[in-house]
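So that the names make sense, note that chain A is the first sequence line, chain B the second, and so on, each numbered from 1.
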Number of protein chains: 2
Amino acid sequence: MAPRAASKTAESSDKVSVICRALRRAIIEQALEPGAKLPEDSLGERFGVSRTIARHALGQLAAEGLVELRRNRIAVVATPSWQDARDAFDVRIQLERLVVRQLAGKLTKVQIEELNAHVDAEDRARGGSDPVSIRLATEFHILLAHMTNSPILIRYVSEIAYRCCLTLSLFSRPHSSECAINEHRAIIAALIKGDEEKVMSLMHSHLDSVAGRALVSPVPQRGRDLLDILAPYAEAAEGGRVVKLPKAVRGR
Amino acid sequence: MAPRAASKTAESSDKVSVICRALRRAIIEQALEPGAKLPEDSLGERFGVSRTIARHALGQLAAEGLVELRRNRIAVVATPSWQDARDAFDVRIQLERLVVRQLAGKLTKVQIEELNAHVDAEDRARGGSDPVSIRLATEFHILLAHMTNSPILIRYVSEIAYRCCLTLSLFSRPHSSECAINEHRAIIAALIKGDEEKVMSLMHSHLDSVAGRALVSPVPQRGRDLLDILAPYAEAAEGGRVVKLPKAVRGR
DNA sequence: TGCGCACGAATTGCATGCACTTTGATGCGC
DNA sequence: GCGCATCAAAGTGCATGCAATTCGTGCGCA
């Protein structure tokens with residue numbers, strides 16, 4: 001009942017967290033596509049800090065699953081597998097059911113206004129550029145999570161929402177989030193009404209349908225991991241020796 | 001269905017992850033109590049690495065919520081509030097329901113043996129020292145999570161299980177996990193039988209009762225944050241001036 | 001033309017150094 | 001004896017430097 005102070009999630013120093021926020025945003029707005037390289041030097045230079053700090057930021061983002069870090073290799077924006085995406089949505093549904101259960105009937109007037117304002121912003125952005133509307137849709141869920149005042153819930157929901165958002169840029173059809181806004185409005189209405197069961201099932205089906213629209217096929221449209229895509233062909237060609245890829249393709 | 005490779009969760013270089021593992025274990029075995037100081041120098045010296053690496057490890061653990069990092073201050077083992085603990089268990093219950101739902105009826109013979117072996121180990125440790133049996137109980141849940149082969153689930157369940165374990169060392173009565181072993185056995189049995197609903201409710205009530213045993217009162221038994229514990233007394237004494245603590249107590 | 005190899009550039013892994021902040025202890029005034 | 005200012009010791013924040021590894025490109029060879 002008593003409101004607790006919202007504690008900052010790790011993110012020690014400001015410089016590091018600034019970089020993290022910037023990169024997170026760039027990633028979910030698809031300015032940085034999955035697989036994009038993130039060299040420490042460039043990041044440091046871009047943000048006016050040393051490699052040490054950039055490195056630390058990359059470490060944090062890797063812990064969140066947005067960045068992939070392999071020893072002695074340039075960090076890249078994560079490229080989750082289709083199965084990862086499914087798992088992420090499964091977990092996400094449970095977490096967000098928890099969120100709305102806690103929130104049902106307990107929203108303050110200010111919070112309701114905040115939510116409405118956010119959905120209005122989503123509405124306005126609908127005609128605008130894709131990346132922004134995707135980000136806003138994601139941030140709606142994060143906003144809800146913040147209202148629980150539960151640091152753990154906030155952290156996990158934010159993290160997983162970002163990751164789901166990232167997978168959208170991999171697997172989703174060109175555009176598929178138009179109707180989400182109405183579903184957001186419906187959730188707000190149910191939250192105000194205070195029916196726990198109703199709002200939980202609304203959130204559940206909302207996320208289900210987002211996942212459904214997004215994860216239409218287990219095959220990525222965008223030509224990310226070429227080697228994996230070509231794997232079946234290589235197997236089919238077996239009987240000869242292993243198919244060797246020309247360097248131009250292997251590289252990137 | 002197809003088994004996926006278990007991906008390492010961030011934890012870039014080996015040196016860092018070794019330190020993380022060591023500290024995690026020390027923390028959940030209560031060799032390091034909540035509030036214990038973790039100076040970068042000492043860690044580095046102890047593990048034969050530079051401050052840079054120790055620092056990075058602390059960053060990771062802070063991201064997991066096991067360590068608290070405040071600017072310009074020595075890192076300390078996290079001291080979750082009672083409310084944090086409640087929230088953690090709420091989330092944990094949902095996540096672990098998901099785990100056992102995915103696992104119900106799908107365990108391989110090897111996995112069953114592995115689980116039985118683990119519970120046997122718990123049994124053997126029962127008479128032994130407390131910290132080890134607590135760790136084993138926690139690791140049972142982590143072992144289950146691993147069997148889902150879902151990196152996200154593995155990461156979140158591990159993380160939150162460690163955190164819950166940490167709170168146990170703060171709030172739990174001297175010893176309270178005796179009967180957990182039988183509950184673990186029951187869960188294994190239900191998993192083998194394959195009844196999703198049954199195993200989910202078993203896990204739910206198991207964690208509920210662990211939480212219930214642990215979080216008996218919103219007041220910590222152990223004398224952590226002295227100032228907070230004394231706050232009510234100070235208030236009661238109001239009318240005079242603010243009660244000032246002698247230095248010996250204030251310090252640590 | 002296509003493939004392999006080797007070398008230079010780019011990049012990471014890690015330690016160390018310096019500046020700044022916090023800590024806590026000592027000594028002084030009351 | 002108690003409180004407070006002052007100062008050294010300890011610790012963190014961050015950048016930089018060097019070694020090791022990877023990446024990419026051009027050359028030689030089939």
CD1 of B:I74 versus P of D:dG11: gap in Å, rounded? 6 Å
A:L69 CG to C:dT11 P: how many Å, rounded? 16 Å
Donor-acceptor side-chain pairing of A:D87 and A:Q83 below 3.5 angstrom: yes
Could you state the atom-to-atom distance from CD of B:E45 to P of C:dT16 in whole Å? 12 Å
Closest-nucleotide ordering on DNA chain D, the 5'-leading residue of B:T52 and B:S42: B:S42
C:dT12 P sits how many Å from B:H56 NE2, rounded? 13 Å
From D:dC23, D:dA15, C:dA15, pick the nucleotide closest to the side chain of A:R73? D:dC23
To the nearest Å, how far apart are B:L38 CG and D:dA10 C1'? 16 Å
Nearest to side-chain heavy atoms of B:N72, which nucleotide of C:dT12, D:dA15, D:dT12: D:dT12
Can you tell which of D:dG11, C:dA15, D:dG13 lies closest to the side chain of B:R71? D:dG13
Can you check whether A:R51 has a side-chain N or O nearer than 4.0 Å to OP1 or OP2 of D:dA15? no
Between the CZ atom in B:R163 and the CD1 atom in A:I152, the distance rounded to the nearest 0.5 Å is 4.0 Å
Quick one: A:I53 CD1 to D:dT16 P, roughly how many Å, whole number? 11 Å
Between D:dG13 (P) and B:L58 (CG): distance, integer Å: 10 Å
Spacing between B:D41 atom CG and D:dA9 atom P, to the nearest angstrom: 16 Å
So, does A:K37 get its side chain near the phosphate of D:dT22, meaning an N or O under 4.0 Å from OP1 or OP2? no
Using modelled atom types and a 3.5 Å cut-off, is there a donor and acceptor pairing between side-chain atoms of A:R70 and backbone atoms of A:V76? no
Using atom types as modelled and distance alone, determine if a side-chain donor or acceptor of A:Q60 lies under 3.5 Å from a backbone N or O of A:S17. no
Using a 3.5 Å distance criterion without hydrogens, assess whether the side chain of A:S42 forms a donor-acceptor pair with backbone atoms of A:L38. no
